[in-house]
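The chains referred to below are lettered A, B, ... by the order of the sequence lines, with proteins before strands, and numbering in each begins at 1.
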Amino acid sequence: MPCPTSILPCGQMDHALDSSNLAGSCQEGAAASPFLRWQNARKQVKSLPAMNETEPTESELLHFRRAKLEELQKRGIAAFGGKFEVSHDPGALRAQFIAGDVAEGTPVRIAGRVLSRRDMGKATFFDLGDITGRIQCYLSKGDVGEESYDLFNQQIDIGDFVGLEGKTFVTRRGERSVHVDRLVPLSKALRPLPDKWHGVTDKEIKYRQRYLDLVSNDRSREVFVIRSRMIAEIRGYLHGRNFLEVETPMMQDVPGGAAARPFETHFNALDQQMFLRIAPELYLKRLLVGGFPRVFELNRNFRNEGLSRRHNPEFTMLEAYWAYADFEQMADLVEDLICHLAQKFCGGLVIEHKDEEGNVTRTIDLTRPWKRAPFRELVRAAAGDDWFELDKAAKVERAQSLGLQEVEAREEHYELDQKVFEKLVEEKSFNPVFVTHVPKELVPLAKQNAADPSVVDVYELVINGQEISPGYSELNDPVVQRERLEHQAGEEVQKIDEEFILALEHGMPPAGGIGIGIDRLIMMLTGAESIRDVILFPQLKRRD
RNA sequence: GCGCGGGUAGCUCAGUGGUAGAGCAGUUGGCUUUUAACCAAUUGGUCGAGGGUUCGACCCCCUCCCCGCGUACCA
């Protein structure tokens with residue numbers, strides 16, 4: 001068999017290609033009769049209201065595709081393909097071609113999904129693509145022969161995966177393309193793709209059938225590629241600073257490290273109740289006890305709480321601990337890390353969020369140094385200098401006059417302060433602010449401030465109106481830690497993780513710790529309005 | 001949980017108390033450098049589900065399901 005390319009030796013050609021009957025220049029002697037049978041079969045299909053074996057309610061669209069599949073199979077063509085060695089990814093090939101790294105006339109083997117087609121009669125253009133992008137391909141009857149050409153045109157649909165071999169060329173209009181010599185089906189799509197121009201806009205389809213969103217929406221593809229690369233970059237950044245990545249239990253006896261409702265499960269072998277973790281914190285601190293000076297974990301947490309634009313029950317968290325550091329050193333680290341990501345992926349420190357039409361809806365300026373301010377100072381600036389001298393009734397009145405409806409006098413002072421902070425400071429802070437000296441009731445795992453024990457040595461980093469990252473000087477006194485956990489704020493007093501206290505009693509070095517909500521960080525950097533737009537498969541309610 | 005908005009062809013969307021519409025996709029025919037290809041013809045619907053009002057309901061009313069936004073919950 002003559003081999004038209006130098007990319008692969010003929011011995012590596014896959015069987016599907018050889019047996020496909022679709023090969024053009026390399027294949028001789030295929031009979032004309034199978035093609036005629038195919039045409040007859042197709043005409044029969046059209047006249048049948050419901051195909052023999054398929055569901056009677058199936059739409060006509062699906063009948064045609066199933067008929068094509070059956071015909072492929074009847075002809076002994078592997079409609080669902082097999083191994084196909086490629087020389088390039090479609091989008092990467094186009095990019096390299098444009099950049100001049102691939103010359104015109106280069107033999108290539110590519111595979112992907114047929115995304116669109118323009119049938120010119122005796123020649124057809126089609127786009128082949130995947131997450132890397134797409135490249136135009138050109139198939140002409142003169143080159144591959146009438147039989148192969150007609151077979152392609154009549155049984156390959158938009159949505160099918162194909163593999164092909166050809167040479168790069170540039171069309172009259174300057175489009176970098178591949179001139180197809182041989183083509184093989186790799187997978188039949190029995191259902192059509194979404195609208196080629198609008199893609200999927202229905203949110204429910206986007207989230208439930210993310211693959212359709214990824215196939216048809218450029219921006220969705222971009223966001224998830226960026227997400228993946230950012231996470232790799234974060235890991236590299238921390239590895240480069242001698243942080244060791246570890247994995248700690250996601251199934252825990254005592255769900256600690258945060259105050260959130262956990263998901264419960266049951267472990268049959270031990271007949272005991274278990275919980276999906278709400279945070280890895282208490283295990284990472286055990287590793288500080290064990291002598292790891294710098295550790296991090298970047299993985300999922302689970303919280304059994306509401307769904308919203310900013311909340312998904314499983315979300316990705318980075319936690320990192322640095323022995324002998326404090327919260328200010330951790331703030332420096334986070335500031336540097338986020339700026340590093342912005343510069344690498346967003347082209348600079350000024351992030352613009354845009355709407356569908358491309359209008360800038362929000363600008364976030366990450367220029368360093370980032371503002372650092374005490375919690376109380378920010379609350380005073382928002383709610384009045386005398387805020388902390390007010391009694392509860394006066395606070396409620398003040399809060400309501402400032403537009404907060406959901407405040408009541410029966411709430412504790414710190415709760416009223418917290419609400420004012422969330423509504424009047426956090427939600428209005430788009431440029432980065434490290435909020436420091438937070439009331440200790442809110443943070444039982446951090447060290448109290450030496451000068452003012454009513455506050456703790458922590459920061460809460462707010463960007464884009466959301467808390468993106470907390471950082472602590474970690475509490476390492478086991479006696480104080482027990483007391484703080486016993487007296488923590490909140491409705492439910494949590495069960496204390498005795499194993500954690502036991503570990504502290506063996507001595508934990510002073511350390512700085514951080515958490516970064518990766519999903520929210522990516523929202524901020526990509527301009528996504530909903531957490532669902534940065535999580536591939538966000539939680540939705542089951543459909544009955 | 002509550003409030004508001006939405007659910008119509010495979011996809012994107014119109015629509016009116018009186019026979020269900022368009023574009024794309026699909027099907028058929030034409031076209032060998034097109035690119036939201038083009039030209040011509042054409043198929044395709046449980047109008048989210050179930051009840052009710054009405055001579056007649058996609059439309060009005062009730063209940064339910066799902067999605068979005070807000071709110072509540074969420075150290």
Nucleotide N/O of nucleotides 68-71 of chain B paired with protein N/O under 3.5 Å:
{"from": "B:G68", "atom 1": "OP1", "to": "A:Arg532", "atom 2": "NE", "distance (Å)": "3.1"}
{"from": "B:C69", "atom 1": "OP2", "to": "A:Arg532", "atom 2": "NH1", "distance (Å)": "2.9"}
{"from": "B:G70", "atom 1": "OP1", "to": "A:Arg309", "atom 2": "NE", "distance (Å)": "2.7"}
{"from": "B:G70", "atom 1": "OP1", "to": "A:Arg309", "atom 2": "NH2", "distance (Å)": "3.0"}
{"from": "B:G70", "atom 1": "OP2", "to": "A:Arg309", "atom 2": "NE", "distance (Å)": "3.2"}

Has A:Arg173 got a side-chain N or O lying under 4.0 Å from the OP1 or OP2 atom of B:U34? yes
Is there a side-chain contact between A:Arg118 and the phosphate of B:A37, meaning an N or O under 4.0 Å from OP1 or OP2? yes
Suppose you measure atom [atom1] in [N] against the same atom in [M]; what distance do you get, rounded to whole Å?
N	M	atom1	value
B:U43	B:A22	C1'	16 Å
B:C66	B:U33	C1'	47 Å
B:A57	B:A72	P	43 Å
B:G10	B:C69	C1'	28 Å
B:G17	B:C59	C1'	7 Å
B:G23	B:U32	P	26 Å
B:U46	B:C58	C1'	12 Å
B:G56	B:G51	P	15 Å

Just how far, in rounded Å, is [atom2] of [N] from [atom1] of [X]?
X	N	atom1	atom2	answer
A:Asp150	B:G29	CG	C1'	14 Å
A:Arg261	B:G1	CZ	P	13 Å
A:Phe169	B:U33	CZ	C1'	7 Å
A:Arg134	B:A36	CZ	C1'	10 Å
A:Glu204	B:G48	CD	P	13 Å
A:Phe125	B:A37	CZ	P	12 Å
A:Tyr138	B:U35	OH	P	14 Å
A:Arg208	B:G48	CZ	P	17 Å

What residues, two or more places apart in sequence or in another chain, satisfy salt bridge (charged side-chain N to carboxylate O under 4.0 Å, His left out) together with [X]?
X	result
A:Arg303	none
A:Glu467	none
A:Glu328	none
A:Glu264	none

Any-strand Watson-Crick or G-U partner of [N], both distances under 3.5 Å:
N	result
B:U32	none
B:U71	B:G1
B:G45	none
B:G23	B:C11
B:U54	none

Let me spell it out: for each of A:Asp119 and A:Gly142, pick the nucleotide of RNA chain B with the closest heavy atom. Which residue's pick is nearer the 5' end? A:Gly142
By nearest heavy atom, map A:Ser116 and A:Gly121 onto RNA chain B; which one lands nearer the 5' end? A:Gly121
Testing A:Phe434, A:Phe421, A:Phe388, A:Tyr459 one by one against A:Phe375 for a ring pair (Phe, Tyr, Trp, His ring centres under 6.0 Å), which residue passes? A:Phe421
Taking only residues two or more places apart in sequence, or in another chain, which ones meet A:His437 in a side-chain contact (heavy atoms from CB on, under 4.5 Å)? A:Pro374, A:Asn449, A:Val455
Counting only side-chain heavy atoms from C-beta out, which of [options] sits nearest to [X]?
X	options	answer
A:Lys122	B:U32, B:U35, B:A36	B:U32
A:Glu305	B:C74, B:U43, B:U33	B:C74
A:Lys541	B:U27, B:C66, B:U34	B:C66

Establish, from distance only, whether the side-chain atoms of [X] and [Y] form a donor-acceptor pair under 3.5 Å.
X	Y	answer
A:Arg118	A:Gln136	yes
A:Arg277	A:Asn301	yes
A:Arg362	A:Asn464	yes

What contact category does A:Arg65 fall into here, base, sugar-phosphate, or nothing, at under 4.0 angstrom with non-hydrogen atoms? nothing
Please name all residues satisfying ring-ring contact (aromatic ring centres under 6.0 Å, His included) with A:Phe126, sequence neighbours left out, ordered by chain then number. A:Phe152
Listed partners of A:Tyr207 passing ring-ring contact (aromatic ring centres under 6.0 Å, His included), at least two apart: none
Contact letters for nucleotides 8-15 of chain B, in which S counts primed atoms plus P, OP1 and OP2 and B counts the base, heavy atoms under 4.0 Å: --BBSS--
Between the base of B:U33 and the side chain of A:Glu175, is there a donor-acceptor distance below 3.5 Å? no
Taking the six-membered ring of A:Tyr283 (Phe, Tyr or Trp), confirm whether the NZ or CZ of A:Arg286 is under 6.0 Å from its centre and within 45° of its axis. yes
